[in-house]
Amino acid sequence: MPRFDHQAAEARWQALWDERQSFAADDNSDKPKAYVLEMFPYPSGRIHVGHVRNYTMGDVVARTRRAQGFEVLHPMGWDAFGMPAENAAMEKGVHPGGWTRANIVAMRTQLKRLGFALDWSRELATCEPDYYGQEQALFLDLLAAGLVYRKESAVNWDPVDMTVLANEQVIDGRGWRSGALVERRKLSQWFLKITDFAEDLLDGLKGLDHWPEKVRLMQENWIGKSTGLKFTFRLSPSPLAGEGDSPQASGVRGGFDVFTTRPDTLFGASFAAIAADHPLARQCAEGNPALAEFVAQCQAGGTAAADIETQEKLGFDTGLSVVHPLDPNIRLAVFVANFVLMDYGTGALFGCPAHDQRDLEFARKYQLPVLRVVAAECEEDAPIGDEAYTGPGRMVHSRWLDGMTAEDARAAVIARAQAEGWGEAVTQYRLRDWGVSRQRYWGTPIPIIHCEICGVVPVPKKHLPVILPEDVTFDIPGNPLDRHPTWKHVDCPQCGKPARRETDTLDTFTNSSWYFIRFASAPDDRPFDPAVAAKWLPVGQYIGGVEHAILHLLYSRFWTRALQRIGMLDVAEPFAGLFTQGMVTHETYSRPQGEGLPPLWFAPDEIERSGSGATLKTDGAAVEVGRVIKMSKSKKNVVNPDATVARYGADAVRWFVLSDSPPERDLVWSEAGIDGAWRFVQRVWRLAEDNAAASEGVPEPKLDRAVHRTIAAVTSDIDRLQFNKAIARLYELVATLERSAAGPSRRAGVISCLQLVAPMAPHLAEEAWALLGQTGLICDAAWPVADPALLVDDEVTIAVQVNGKLKGDFTAAKGSDKAALEAAALALPGVLRTLDGAAPKKIIVVPDRLVNIVA
RNA sequence: GCGGGCGUGGCGGAACCGGUAGACGCAGCGGACUUAAAAUCCGCUUUCCCAACGGAAGUGCGGGUUCGAGUCCCGCCGCCCGCACCA
């Protein structure tokens, strides 16, 4: 039997789409616009199945929107700067640029083989000067607008590789590559003022109702707004000897500021605590070696998540004390404490052990008083045990606050502080400014020149782009830009004297913070044309991995708002709709290598799978079949789709990745699953062959109704990105069509069916469309619309229950009256048997649905 | 610790607003076609009792609301994700 020849069909239709520029987006179209975007890939080597799933989902949306009459922008590009390229350079001795560009070529070919409806004319790669040069221009615009600044900041420095490490690259305090103990170094770095937008970014989340609630919550927590009181603790008669010479010394000498969300508990205060790197702590440490050692110990302490939980609350009494702001007769000892963070609030706090768990642990350790000031009902003098009370209640032991609710007391204390001038209501955010300097080669050069005379000088825009030199080597550790013979030496644009280029590059997240704007508009002479960009933006449907829920999505929102603030683009939120898809997972295969050694991992294509076990193809010996986990290079459980696409065809692969699992959940990759998808492709093809010719006969209303119900359901499923449900309905429709008699209804049904299948399996659909003699391409055909008249059934099945348990059903005309339904239900044999002559107490009738007899 | 999500057959998963639980797919079993195989088609497939007709139980566990609960409420248990000493 002739089969659907996927290889020929794929080649034919891909060439034709390309030739006709079927998926090129027209900026000047009168049609309504739809911008469909999947997160662009990092060119790491080869496409994996996770990419296929991501891009297939976007493709279904794009193709459907196009059929529905939208002008669709569905572009593709490459997030091409980043560390893996440098790692490859060091490991394999290749150039990051060459490696990256070769990967792009390979991955582009792979993507094209899958038949995605992409506008390739808008392809971009962030590592090319025509992209990063425009990014440099935007950086300078933000700098001019005061949204970029420079400050000293600590980094993880690997002294062997002479490079800065990301937190994830520091393992047990050592560099992941060199194994050297990592140092904390202070470097002058560039920051973007994302904190200026904290309130806007938080507020904007409310309007993003096509975003997953989960992602909105994650961003909300990340921004971490809290409101409370900031007030000044005056140091009680200062025992501090000598004049501090630090710039903050004046602030320190008189006292220090603390922030609290619980000003109501101020009368329960029993100590004050400051961070180890608080200016006052450093000042005190100067004359106190023991304290200096404690401070050093705190700073060395791992910030690794696991440590923190178990870490004991430790403090060191500075000997200083501060005056309680509500009663000058109360003095509180000032501790340096390891649990106080310098980069949140003011780096100092007052401790109220009764109502804060950490403060309680601290107070117990150092025998400080624990005074309850908030009482829930009837427990005014109940002692505080091991748990601080953080719930609501009324004030006790708090003088003029007594009897107020804690909530009222908060307001009262803030009002008093403001009236008396020792404190004010403030809003705090956890969000920090975004440090964008990377001491790395393969990134966007920061367009800044350092001049001994003029200081920091922006590169004049007419000198952009600052091209990243490619004649560099990686044989010695460190940033090759630093040791490049000529690149960093440049004349100061202001005074003309010899100066030095900034050798840091921008964080790769800056590249992905505006690429969606560049896709919409990419003129040669500026980053984008605001009018053209505004036609497309915001992205209507953005699809990508949930791992970007915070950083990329927050940075992009910030970048867009920043451009709006400086008047470059009138868009506040870049992504109107967001969908986060699940991962593709696969089981793992390994063999132990003996004691102390990690197991040896094998790739799926090295394995012969049999029943519950597996053997290695090369030696036939058994390997361990491990858990199903996210595909990762290190566990070698990555499936490269090339072989599968060649064997089963792009359509079967696309169909499979959409079929079983709901898109937001993880998908387990299996060969068996794709067999089923392949069978479906063949089934649809046979169905098309059987109905290739026009057919005589009478219409069949039942079949028409089934077809139109499927049209309505699949359309709504795709709208809600529930591809697995759409696919289940298409299986049902195909089965129904196969079973029905030949005739005009069946042929019409097959045609509609092909259109519904087209977004998922476009090559098959085109080939079958042509076979049926339809004009034009199916990708240009208008989406089928369900006839509302055909969605209504004239007959309904009525379920019959006795005491809520199903006893049978019957068919009735739609809209039958209650009495008729009741009578029919009571006559059912199952009902008669169950009632056994007893009279029903009550009968509940839900029209067109069910009858429940209460006996 | 805080925040969020999830828990349904052998497996992936359906079930709109509280109204026939298990759609659809995978795997499995049986059958048809075939010299045979592949391919394809048809049937069965939650569990228990029964020869059968039929019946009972059943959506992590325990309660509750309701004529009726996978769905709503209360209390547990388990798993997953995010953040993590945030004052």
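Protein chains get the first letters and strands the later ones, always in sequence-line order, with residue 1 at the start of each.
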For B:U8 versus B:G58, give the span between their C1' atoms, rounded off to a whole number of Å.
10 Å

Taking only the C1' atom of each, what is the distance from B:A27 to B:G13 in whole angstrom?
14 Å

How would you summarise protein contacts on nucleotides 21-27 of chain B per nucleotide, using B for base, S for sugar-phosphate only and - for none, with heavy-atom distances below 4.0 Å?
--BSSSS

Going by atom types alone, do A:Y344 and A:S226 pair a side-chain donor with an acceptor below 3.5 Å?
yes

Indicate, with a heavy-atom threshold strictly under 4.0 Å, whether A:R216 touches base, sugar-phosphate, or nothing.
nothing

Using atom C1' in both nucleotides, what's the gap between B:G70 and B:C6 to the nearest angstrom?
13 Å

P atom, B:C33 versus B:G19: distance in rounded Å?
46 Å

A:F256 and A:H278 aromatic ring geometry - parallel, tilted or perpendicular at 30°/60° bounds:
perpendicular

So what does A:V800 hit on the nucleic acid, given a heavy-atom distance under 4.0 Å: a base, only sugar-phosphate, or nothing?
nothing

Can you name the side chain to side chain contact (heavy atoms under 4.5 Å, CB included) partners of A:R833, sequence neighbours left out?
A:P829

Nearest-nucleotide pick for A:R833, side chain only, options being B:G19, B:C86, B:G54
B:G54

Salt bridge present between A:E738 and A:R686 (N-O < 4.0 angstrom):
no

Check every strand shown and say whether A:T797 touches a base, only sugar-phosphate, or nothing at a heavy-atom separation below 4.0 Å.
base

Aromatic ring centroids of A:F579 and A:H210 under 6.0 Å?
no

Between A:F335 and A:F362, does the ring centre distance come in under 6.0 Å?
yes

